[in-house]
Number of protein chains: 2
Amino acid sequence: MPAADLDYLDRAILSKLQEDSRTIAESIGAQIGLSAAAVQRRIKRLRETGVIAREVAVVEPKSVGVHMTFVVMVEMERERIEVLDAFRKQVLGDPAVQQCYYVTGTADFVLVVACRDMTEFEEFTRRMFFDNGEVRHFTTSVVMDRVKVGLSVPLHGD
Amino acid sequence: MPAADLDYLDRAILSKLQEDSRTIAESIGAQIGLSAAAVQRRIKRLRETGVIAREVAVVEPKSVGVHMTFVVMVEMERERIEVLDAFRKQVLGDPAVQQCYYVTGTADFVLVVACRDMTEFEEFTRRMFFDNGEVRHFTTSVVMDRVKVGLSVPLHGD
DNA sequence: ACTGAAAGCTTCACTCT
DNA sequence: AGAGTGAAGCTTTCAGT
């Protein structure tokens with residue numbers, strides 16, 4: 001998605017929807033000086049062009065029995081494309097992995113992992129790391145506080 | 001929100017809405033064997049009880065000119081409550097910080113930071129770390145690939 | 001929990017600038 | 001092209017069963 005040309009109105013709309021995707025067009029329009037229909041049209045276009053990639057419900061983990069979050073740094077044995085791609089695939093298919101970044105530095109991947117408890121995390125490490133000969137090393141940080149959790153992108157005039 | 005009692009239908013609904021919050025109740029109902037109204041009522045309750053914390057639009061960063069993501073490990077000078085809280089506050093107010101976790105281990109905080117470019121990130125490090133006497137050390141990893149990005153929580157039968 | 005009516009939001013066609 | 005208005009369409013909400 002190579003930078004669609006968005007004016008300040010589009011950005012204002014995105015800013016609202018990043019906060020709460022259920023904000024109705026009429027209310028957004030009132031705040032930025034546009035009719036509801038005009039806002040709708042823009043939202044539609046933002047969705048179609050992929051600027052709005054998806055709209056999701058954020059579930060409170062504790063309310064569904066998921067009490068622990070971990071940040072895991074993973075170092076692979078070899079940085080061969082095949083090895084990396086296989087790991088990527090495994091990560092994409094594992095529901096415990098909320099996020100995975102391929103990064104520069106000593107670690108190759110940074111994972112954010114959500115589990116019900118420590119036992120479930122141990123099972124996770126086994127299937128993801130110990131049963132995988134290509135993982136050289138991993139270090140786990142237990143999350144004590146989720147200070148800020150979101151996917152909001154900074155939109156210049158924030 | 002200490003674990004509301006959710007049955008498998010609630011979990012199925014959450015699973016759908018985590019994927020796409022615009023999935024209409026009728027379609028969810030058809031898949032799990034419930035009327036649209038019943039699904040609606042459950043969704044309403046899930047929202048009111050905070051199981052669904054929020055509903056947000058996920059913006060594709062590149063489409064708004066945000067081309068770089070970083071994972072930053074931060075080590076504080078002292079682990080005094082005051083110091084930590086001040087940092088938390090700063091993080092919450094900074095739009096470049098997508099996520100911040102307070103963690104065990106050598107680092108105190110793990111940050112996911114989104115910026116337009118390297119220059120903006122350098123400005124960020126200055127205001128967040130260098131101008132802050134309480135930050136002892138930080139290490140930056142540049143994200144080369146956002147393999148998996150989401151906030152979806154594992155719901156047992158996934 | 002389901003059905004059907006009412007309300008609300010979005011979408012479309014049309015017109016205007 | 002993009003903005004506003006008003007009607008049609010769809011989704012959600014609220015009664016009543």
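Chain identifiers are assigned alphabetically (A, B, ...) following the order of the sequence lines, protein sequences preceding nucleic acid strands; residue numbering begins at 1 within each chain. Below, all heavy atoms of this structure are taken into account, side chains as well, without hydrogens, waters or symmetry copies.
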Would you call the rings of F124(B) and F129(B) parallel, tilted or perpendicular, taking 30° and 60° as the class edges? perpendicular

Sidechain-backbone polar pair: Q98(B) side chain, A114(B) backbone, donor-acceptor under 3.5 Å: no

Report the C-alpha distance between D94(A) and K148(B) in whole Å, list the side-chain angles of each, state the deciding distance to 0.1 Å, and finish with yes or no for salt bridge (Lys or Arg N to Asp or Glu O under 4.0 Å). CA-CA 10 Å; D94(A) 197 309; K148(B) 188 177 193 176; over 6 Å; no

Gap between atoms CG and P, on D20(B) and dT11(D) respectively (whole Å): 13 Å

Could you please name the option among dT11(D), dG4(D), dG2(D) that lies closest to any side-chain atom of R42(A)? dG2(D)

Do F70(A) and Y101(B) have their ring centres less than 6.0 Å from each other? no

Looking at T104(A) and V142(B), would you say the former's side chain and the latter's main chain have a donor-acceptor pair under 3.5 Å? yes

Under a 4.0 Å threshold between the charged nitrogen and the carboxylate oxygen, would R47(B) count as salt-bridged to E55(B)? yes

Under a 4.0 Å heavy-atom criterion, DNA chain C is touched by chain B from dA1(C) to dT3(C)

Does Q90(A) reach the main-chain N or O of R127(A) with its side chain, forming a donor-acceptor pair under 3.5 Å? yes

Can you check the L34(A) CG to dA1(D) C1' distance for me, whole Å? 14 Å

Figure out the CG/C1' separation between D10(A) and dG2(D), and round it to whole Å. 12 Å

Test of understanding: clusters of I, L, V, M, F, W, Y form through side-chain heavy atoms closer than 4.5 Å, transitively. Do V58(B) and I13(A) belong to the same one? no

Is there any protein nitrogen or oxygen under 3.5 Å from a nitrogen or oxygen in nucleotides 13-17 of chain D, and what are the pairs?
from: dT13(D); atom 1: OP2; to: Q40(B); atom 2: OE1; distance (Å): 3.4

